[in-house]
Amino acid sequence: MDTNDAKSYFSVRLLEWYDVHKRDLPWRRSRNPYYIWISEVMLQQTRVETVIPYYHRFLERFPTVEALADAPEEQVLKAWEGLGYYSRARNLQAAVREVKESYGGRVPDSKEEISSLKGVGPYTAGAVLSIAYNKPEPAVDGNVMRVLSRYFLLRDDIAKPSTRIGIEKLARELIPEGKAGDFNQALMELGATVCTPKSPHCLTCPVMELCAGRLEGIADELPVKTKAKPPRPERRAVAFIEGAGEEAGRILARQRPKEGLLASMWELPHVLLPETMPEPEAAGADAAAMRFLREKLAAEYGLNVEPTEPMMDAEHTFSHIHWRLRVYRCRFLGLAEGPAVHDGGVANNTADDDGLRDGDVFLWFGEKELGQYALPNVFLKILKQAGVR
DNA sequence: AATGCGGGGCG
DNA sequence: CGCCCAGCATT
């Protein structure tokens, strides 16, 4: 069996299979490059079932390049709330604004131009060019690297950037004339539904007969991938601060800095507990944590509270940090006020170890604010469990 | 090349 | 409940 035979067999059988087995997905009902682009950005690191409701809501709110370009960033972030990797939303809007200004609102169809847009890397560029414009460009994501590693028995570590380059070259050679969009989607579809990471369904695979990984009996050991290092643990004390009088029933929230982790998102104020603090189970741990929380919030933000009792625990794992949160109910005493940065908010500028902050914004959160500003899922869950709405 | 950046699903 | 999934930007 010649390698070229294995290649053409793969492409032909895969396309036949896709024609019969492709899922009916919302973004497959259109060739609108803007729609395809939105779906591809949402699908980065995110599974299809999660994306579908976001995709519908996002396009309902921002139906065109123009609409998204002209929207306040705050609304875009809110529409992205819960999807994670929020820089995707920020980059997407920056890119769409560039498309409006420099390309007359038309999503560019050349590799160079589309790749120059913020948040558009090799995968997204190839996906939009092939699916929306049927250009013969590879679109290599994790699915594709897994499928091709198995079929061609590639033992290179897919965690290495150089491996992706090599697989892109291979994928480019596999694209049948005039069928780039369907072929790339077929490759990813196979990875998502048949050639799955664990216990692949080889017996229903359209290319099983010539799959080198299966024939060698090691399909489920491929692809080779070095493991990521485990997230560093952090324990944090969270302040649940209920308003009184005019602010009764509302909770004090803080907007995070414009850059870094969860940029610009809203959250309940919290502080990192030193590793020297006693474990939560230890006697006196809560008393120590509440004292630390009070002192740190005052020093860091000029926020004066009196923690009264532990309310609940929560956990949240990022790829690189693991948060163990303990939420403490607090009595609000006052906030040193600075110039208001956010409409209706209370801003406070304080110096800390890093120098002057760019302005800490606090805001009482009620139903209206919850519907308007974006919070990470972990804080949404805390508020929901506390009965705030 | 290594690291920062969320959230969800599965066995 | 521990483990796995993984594009793009920055450094």
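We use all heavy atoms of the structure for the numbers below, so side chains are in, but hydrogens, waters and symmetry mates are not. Residue numbers begin at 1 in each chain, while the letters A, B, ... track the order of the sequences.
- No salt bridge links A:Arg57 with A:Glu60; every basic N to acidic carboxylate O contact stays at or beyond 4.0 Å.
- Shown here are the side chain to side chain donor-acceptor pair (under 3.5 Å) partners of A:Lys22, two or more places apart in sequence or in another chain: there are none.
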Indicate for each nucleotide in nucleotides 2-11 of chain B, in 5' to 3' sequence, whether protein heavy atoms under 4.0 Å reach the base (B), only the sugar-phosphate (S), or nothing (-).
--SBBBSS--

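- Taking the salt bridge (charged side-chain N to carboxylate O under 4.0 Å, His left out) definition, one finds that A:Asp182 meets it with nothing, sequence neighbours left out.
- Residues passing the side chain to side chain donor-acceptor pair (under 3.5 Å) test with A:Glu242: none are found, sequence neighbours excluded.
- Counting any heavy atom pair closer than 4.0 Å across all strands shown, A:Arg164 reaches no nucleic acid atom.
- Here the side chain of A:Arg97 pairs a donor or acceptor atom with the backbone of A:Ala69 at under 3.5 angstrom.
- Between the P atoms of C:dA6 and B:dG11, the separation comes to 15 Å (whole Å).
- A side chain to side chain donor-acceptor pair (under 3.5 Å) check over residues 216-231 of chain A, counting only residues at least two apart or in different chains, returns the pairs A:Asp157-A:Thr226.
- A search for side chain to side chain donor-acceptor pair (under 3.5 Å) contacts involving A:Ser87 returns nothing, not counting sequence neighbours.
- Listed by chain and residue number, A:Arg235, A:Glu279, A:Pro280, A:Glu281, A:Glu315, A:His322 satisfy the side chain to side chain contact (heavy atoms under 4.5 Å, CB included) test with A:Arg324 (two or more places apart in sequence, or in another chain).
- Judged as a side chain to side chain donor-acceptor pair (under 3.5 Å), and not counting sequence neighbours, the contacts of A:Tyr328 are A:Asp286.
- Here A:Leu261 pairs with A:Arg256, A:Phe318, A:His320, A:Ile321, A:Trp323 under the side chain to side chain contact (heavy atoms under 4.5 Å, CB included) rule; sequence neighbours left out.
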Return the polar atom pairs (N/O with N/O) between nucleotides 9-11 of chain C and the protein under 3.5 Å, or none.
| unit_1 | atom_1 | unit_2 | atom_2 | d |
| --- | --- | --- | --- | --- |
| C:dA9 | OP1 | A:Gly119 | N | 2.4 |

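- Between A:Leu43 atom CG and C:dC5 atom C1' there is a gap of 14 Å when expressed in whole angstrom units.
- Among residues two or more places apart in sequence or in another chain, the side chain to side chain contact (heavy atoms under 4.5 Å, CB included) test is passed with A:Asn304 by A:Ala298, A:Leu333.
- Near-neighbour residues of DNA chain C inside residues 124-134 of chain A, defined by a heavy atom below 4.0 Å, number-ordered: A:Thr124.
- Regarding A:Asn143, its CG atom lies at a distance of 12 Å from the C1' atom of C:dG7, rounded to whole Å.
- As rounded to the nearest Å, B:dC5 and C:dC5 have P atoms that lie 22 Å from one another.
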